[in-house]
Amino acid sequence: MEFHPQPTAGEARPWAFPAPERGALPNGLTVLRCHRPGQQVVAVEISLAAPLEAEPEGLDGVATIMARALSEGTDKHSAEEFAAELERCGATLDAHADHPGVRVSLEVPVSRLRKALGLLADALRAPLFSDSEVGRLVTNRLDEIPHEQANPARRAAKQLSKELFPATSRMSRPRQGTEETVGRIDAKGVRAFYDAHVRPATATAVIVGDLTGVDVDTLLAETLGDWTGDTSEPRPVPPVTADDTGRVVIVDRPGAVQTQLLIGRVGPDRHDRVWPAQVLGTYCLGGTLTSRLDRVLREEKGYTYGVRAFAQVLRSDPNGTGASMLAISGSVDTESTGPALDDLWKVLRTLAAEGLTDAERETAVQNLVGVAPLKYETAASVADTLADQVEQHLPDDFQARLYERLAETGTVESTAAVVSAFPGDRLVTVLVGDASVIREPVEALNIGEVKVVTG
């Protein structure tokens, strides 16, 4: 019997985050393109300089309604016709608003890229902000708010933002508005926000996928190149201020069988030199099932299904006015709230006293750097990261250099960064749960003044 020879592993090829090619259209639209052989579904991200901070006073949520309305028809297509045209292209179009601005996302097979880009250009150039469509979107948003209020994780996030930031800051209020502010939004207000902030001169298009045989320059010129608008001066960006005085806020949910935990403060953004060390240290603290928090609270004590520590960029700016949210989140059964918080603080104190181990740091590097090629297998994931870099005013090679810096960062640096990020006496703790049960054991921990608010 003849056997085929056993296959052998090939030589490992070096990997780096894809480098985009940067250019611009005559209308002022910045374009980043990235050729990814084999990725037949092309991803396009449009970053619009329409931040939440620019929303008119009393109209929180207008950016979200405008973003949703961009896929609700144009001067050429009704909402039904527009949806049908996208479906015939096999394309998906989505949009959302966040603190840095509005993001419009398109995915489409490369064979239908021209048609889909034309539809996207129509949506950006001449959206149909009709009274009926905007009214329907406002009604839908108002229907969503009670559900968000009922969700413990969303309720905790809302309360933490309110606690950390001053009332005058847009960051202190829900990203998609409140019942009061959304209820005031109409087609006229949406059109005014669009006219004030949406123009190609301040927008960036990211296009990623297999562009073999595609005349990208001609394609963009004939679609997004038809989008016109005037120029504008950059908006002044106020510095982010926050109060991270150690304290506890209980959002009372009588009868709740679980307590939602969200513990946080404001930290540096990605422009800060400490960012790579903070990423590693935070991952060691609570980035995976084998992290310290999970090892104690989940594996040893059985309080929770999982606890995570993370850093989420709120706004990034090279002038030092940006910030990120540093947080620990999870949920525990009501009776375990006090003991779980006690053990969580013990983890933080032990970390500060003894530091991370070389083994923890090595595992974090392997997980963060080693899985990067898998994380960026799709065009959408690459396009999303490139658009993030644009919104955060980062260089095009930031992500590639970040992986290099992660591999070079040592255990001592990672320890110092995570201890600085999560000081036990400078954390705002939000608990969504039954105050009648959890207040007394939480007060006994002496981790800050405790107050109770209605759920």
Side-chain angles (χ1 to χ4, degrees), residues 52 55 58-69 94-99 134-165 167 169-185 247-265 286 297-298 303-310 312 314 325 327-338 340-341 344 427-442 450-455:
L52 298 187
E55 292 179 321
L59 286 183
D60 290 357
V62 70
T64 292
I65 299 300
M66 184 203 73
R68 295 182 180 185
D94 193 17
H96 73 276
D98 208 336
H99 290 297
V134 171
R136 180 178 61 80
L137 293 171
V138 167
T139 299
N140 290 347
R141 176 65 198 135
L142 290 174
D143 288 341
E144 292 170 359
I145 293 175
H147 294 281
E148 295 171 357
Q149 283 285 95
N151 183 297
R154 297 291 292 272
R155 182 65 182 89
K158 175 183 174 182
Q159 190 66 37
L160 182 59
S161 294
K162 182 179 180 181
E163 293 293 328
L164 282 173
F165 303 107
S169 169
R170 182 62 181 87
M171 290 184 180
S172 71
R173 305 189 296 275
R175 285 174 168 82
Q176 300 181 65
T178 64
E179 288 182 333
E180 181 181 4
T181 63
V182 173
R184 299 192 187 109
I185 297 171
R247 58 196 186 277
V248 180
V249 181
I250 300 175
V251 181
D252 191 20
R253 292 282 174 89
V257 297
Q258 285 190 324
T259 300
Q260 183 71 38
L261 317 176
L262 185 59
I263 304 164
R265 63 192 297 267
L297 302 183
R298 181 178 186 271
Y303 295 141
T304 178
Y305 290 114
V307 179
R308 290 291 173 268
F310 59 91
Q312 176 187 4
L314 299 173
M325 177 75 77
I328 298 170
S329 67
S331 60
V332 299
D333 68 277
T334 299
E335 298 297 333
S336 298
T337 303
L341 283 175
L344 192 154
L427 294 171
V428 178
T429 300
V430 174
L431 307 174
V432 181
D434 191 335
S436 67
V437 178
I438 66 178
R439 178 169 188 165
E440 185 175 342
V442 170
V450 179
K451 74 173 181 180
V452 178
V453 299
T454 58

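Worth knowing before you read on, the calculation uses all heavy atoms, side chains too, and leaves out hydrogens, waters and symmetry mates. Bear in mind that the values here come from a model prediction, so they are computed numbers and not experimental data.
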Looking only at heavy atoms, which two atoms of P441 and G338 are closest? And how far apart?
-> CB-CA, 4.2 Å
Under 3.5 Å, side chain of E55 to main-chain N/O of G61, donor-acceptor pair present?
-> yes
Value rounded to 0.5 Å, distance of CZ in R308 from CD1 in I328 | 12.0 Å
Between the side chain of R154 and the main-chain N/O of A157, is any donor-acceptor distance below 3.5 Å?
-> no
Should Q258 and R253 be marked as a side-chain hydrogen bond (donor to acceptor under 3.5 Å, both in side chains) after you check the CA-CA gap, both sets of side-chain angles, and the distance that decides it?
-> CA-CA 10 Å; Q258 285 190 324; R253 292 282 174 89; over 6 Å; no
Test log, rule side-chain contact (heavy atoms from CB on, under 4.5 Å), inputs V428 and L160 | CA-CA 7 Å; V428 178; L160 182 59; 3.9 Å; yes
Test item: L314 and M171 side chains (from C-beta on) under 4.5 Å apart, heavy atoms = yes
Would you mind checking if E144 and R68 are paired as a salt bridge, meaning a charged N to carboxylate O distance below 4.0 Å?
-> yes
Under 3.5 Å: donor-acceptor pair, side chain of D252, backbone of G455 | no
Any side-chain heavy-atom pair from L344 and I263 closer than 4.5 angstrom?
-> yes
Would you confirm whether T304, through its side chain, and S331, through its main-chain N or O, come within 3.5 Å as a donor-acceptor pair?
-> yes
Atom CD of E148 with >12 non-hydrogen neighbours under 6.0 angstrom | yes
Would a distance-only check, ignoring hydrogens and angles, find a side-chain to backbone donor-acceptor pair under 3.5 Å from R141 to Q176?
-> yes
Using a 4.5 Å cut-off on heavy atoms from C-beta on, say whether the side chain of V182 contacts that of T178.
-> no
Carefully, step by step, assess I250 and V453 under the rule side-chain contact (heavy atoms from CB on, under 4.5 Å).
-> CA-CA 6 Å; I250 300 175; V453 299; over 6 Å; no
Closest non-hydrogen atom pair, A435 against V452 = CB-CG1, 3.9 Å
What are the two closest heavy atoms between Y305 and R298, and how far apart are they?
-> O-NE, 2.8 Å
Pairwise distance CD(Q159) to CG(L164) - rounded to 0.5 angstrom = 10.5 Å
Heavy-atom distance under 4.5 Å between the side chains of D434 and V257, does that happen here?
-> no
Between L52 and A97, which heavy-atom pair has the shortest distance, and what is it?
-> CD2-CB, 4.0 Å
Expected output: side-chain R184 to main-chain G58 donor-acceptor under 3.5 Å | yes
Heavy-atom donor-acceptor pair, Q260 side chain to G330 backbone, under 3.5 Å | yes
Hey, could you give me the CG/CZ distance between D60 and R173, rounded to the nearest 0.5 Å?
-> 4.0 Å
Minimum-distance pair of heavy atoms, taken over all atoms of L297 and A340 = CD2-O, 3.7 Å
Salt bridge flag under 4.0 Å for residues E163 and K451 = yes
Could you state the interatomic distance from CG (L431) to CG (L262), rounded to the nearest 0.5 Å?
-> 9.5 Å
Report yes or no: does T334 contribute a side-chain atom to a donor-acceptor pair with the main-chain N or O of A256 at less than 3.5 Å?
-> yes
V249 and K162: side-chain contact (heavy atoms from CB on, under 4.5 Å), yes or no, with the steps?
-> CA-CA 11 Å; V249 181; K162 182 179 180 181; over 6 Å; no
Looking at OG of S161 and CE of M325, how far apart are the two atoms once the value is rounded to the nearest 0.5 Å?
-> 4.5 Å
Would you check, one step at a time, whether the test side-chain contact (heavy atoms from CB on, under 4.5 Å) holds for V248 with V442?
-> CA-CA 8 Å; V248 180; V442 170; 3.9 Å; yes
Considering only heavy atoms from C-beta outward, does the side chain of L59 approach that of T181 to under 4.5 Å?
-> no
Shortest non-hydrogen contact between Q149 and K158, atoms and distance = OE1-NZ, 3.0 Å
